[in-house]
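Shown next, in structure tokens, is the structure this report addresses.
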Amino acid sequence: MKFPLTSWNLTPKEAVEAQKEWRSLVRIEPPTREIHTIAGADISFNRFSDVIYSAIVVLSLPELRIIETASVRSTAKFPYVPGLLSFRETPSFLECWEKLRTKPDALMLDGQGLAHPRRFGIACHIGLILDLPTIGCAKSILVGQHITLGGEAGSQSPLVDKTEVVGVALRTKKNVAPVYVSAGHRVDLNSAVDLALRSVTRYRQPEPTRQAHLLVNQLRRDDKG
DNA sequence: GCGACAG
DNA sequence: ATCTTGTCGC
């Protein structure tokens, strides 16, 4: 390993090399233990500002009751570059994670896992750092394609990139755009989709990331005044 | 060279 | 991601 898993002072070019190196560490397998709690994480910021807000919400399964929340205001030190999202968001996420007392059995990230050009999206990166089962649940595609989905909730189709199934397009709500689920670390695609489905209520986004999104935006607004 | 491109 | 009001549909 040339780069430690938590190297943040890298140039975009080095970051790409680091991802190629780290991707072999990712383990795609069914979760080791049953998952009774799942957390969702999200970040938010103001345009033209490097101040970013991060939030994590831990929920119980199958009740989906909020057990604990944590949030933090920090500074972004890496630009947004498609394919290198984790280098921008993870430092802030980790600060927030430190404040969390209840460590969840699994984590859902707003972004990709294996559905990434180098098969190393933010869900893989954070999963490796925390050595925790993680799944990516993105609102749009980074790589891959899928056939048209049925309009009913629960409809799904494999997300394929260059002959490889990297995730699943999942319609979580009737006649509403699907979300894209992929495995991060220590989970396989089937369990990732199952976890996502178990976390869905009446909205497009599963509760973990939806609640984290609501909380982080609340923090950002309150911080403005 | 051209188009695509998580948040 | 963020900038933003009303409006169409279940």
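Letters A, B, ... mirror the listed sequences (proteins, then strands); counts begin at 1.
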May I have the distance from [X] (atom [atom1]) to [N] (atom [atom2]), rounded to whole angstrom?
| X | N | atom1 | atom2 | result |
| --- | --- | --- | --- | --- |
| A/Phe78 | C/dA1 | CZ | C1' | 16 Å |
| A/Ile141 | B/dG7 | CD1 | P | 11 Å |
| A/His213 | B/dG7 | NE2 | C1' | 10 Å |
| A/Gln205 | B/dA6 | CD | P | 15 Å |
| A/Phe93 | B/dG7 | CZ | C1' | 15 Å |

Would you call [X] and [Y] a salt bridge, using N to O less than 4.0 angstrom?
| X | Y | value |
| --- | --- | --- |
| A/Asp131 | A/Arg186 | yes |
| A/Glu29 | A/Arg27 | yes |
| A/Asp110 | A/Lys139 | yes |
| A/Glu164 | A/Arg119 | yes |

Practice item. Just do the ring-ring contact (aromatic ring centres under 6.0 Å, His included) check on A/His116 and A/Trp22 with the steps written out, would you? Key: CA-CA 13 Å; A/His116 177 280; A/Trp22 297 333; over 10 Å; no

Review point. How about A/Phe93 and A/Leu130: do any of their side-chain heavy atoms sit closer than 4.5 Å?
Key: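 Answer yes - side chains close enough.
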
Just to be sure I understand the rule, does [X] reach a base, reach only the sugar-phosphate, or reach nothing, if contact means heavy atoms closer than 4.0 Å?
| X | answer |
| --- | --- |
| A/Gly83 | base |
| A/Lys174 | nothing |
| A/Ile52 | nothing |

Practice item. Take A/Asn46 and A/Asn175, find for each the nucleotide of DNA chain C with the closest heavy atom, and name the residue whose nucleotide sits nearer the 5' end. Key: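 It is A/Asn46, whose closest nucleotide lies nearer the 5' terminus.
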
For nucleotides 4-7 of chain C, tabulate all protein N/O to nucleotide N/O atom pairs closer than 3.5 Å, reporting atom names and distance.
none

Point to revise | Watson-Crick or G-U stems of DNA chain B, 3 or more pairs, under 3.5 Å, by first number | key: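 Stems found: none.
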
Check your understanding: Does the side chain of A/Asn217 get closer than 4.0 angstrom to OP1 or OP2 of C/dT2 through an N or O atom?
Key ->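 Looking at the OP1 and OP2 atoms of C/dT2, one of them is under 4.0 Å from a side-chain N or O of A/Asn217.
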
Practice item. Compare side-chain N and O positions of A/Lys139 against OP1 and OP2 of B/dA6 and report whether any pair is under 4.0 Å apart. Key: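 Answer is no, no contact under 4.0 Å.
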
Review point. If two hydrophobic side chains count as joined below 4.5 Å and joins carry through other members, does A/Leu61 share a cluster with A/Leu170?
Key: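 The answer is no; the residues belong to distinct hydrophobic clusters.
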
Review point. Can you check whether A/Tyr80 stacks with the B/dG7 base, using ring centres under 5.5 Å and planes within 30°?
Key: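 A stacking contact exists, since A/Tyr80 sits close and nearly parallel to the base ring of B/dG7.
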
Point to revise | Row check, A/Tyr53 ring normal vs A/Arg220 NZ/CZ: under 6.0 Å, within 45° | key: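 No, A/Arg220 and A/Tyr53 do not form such a contact.
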
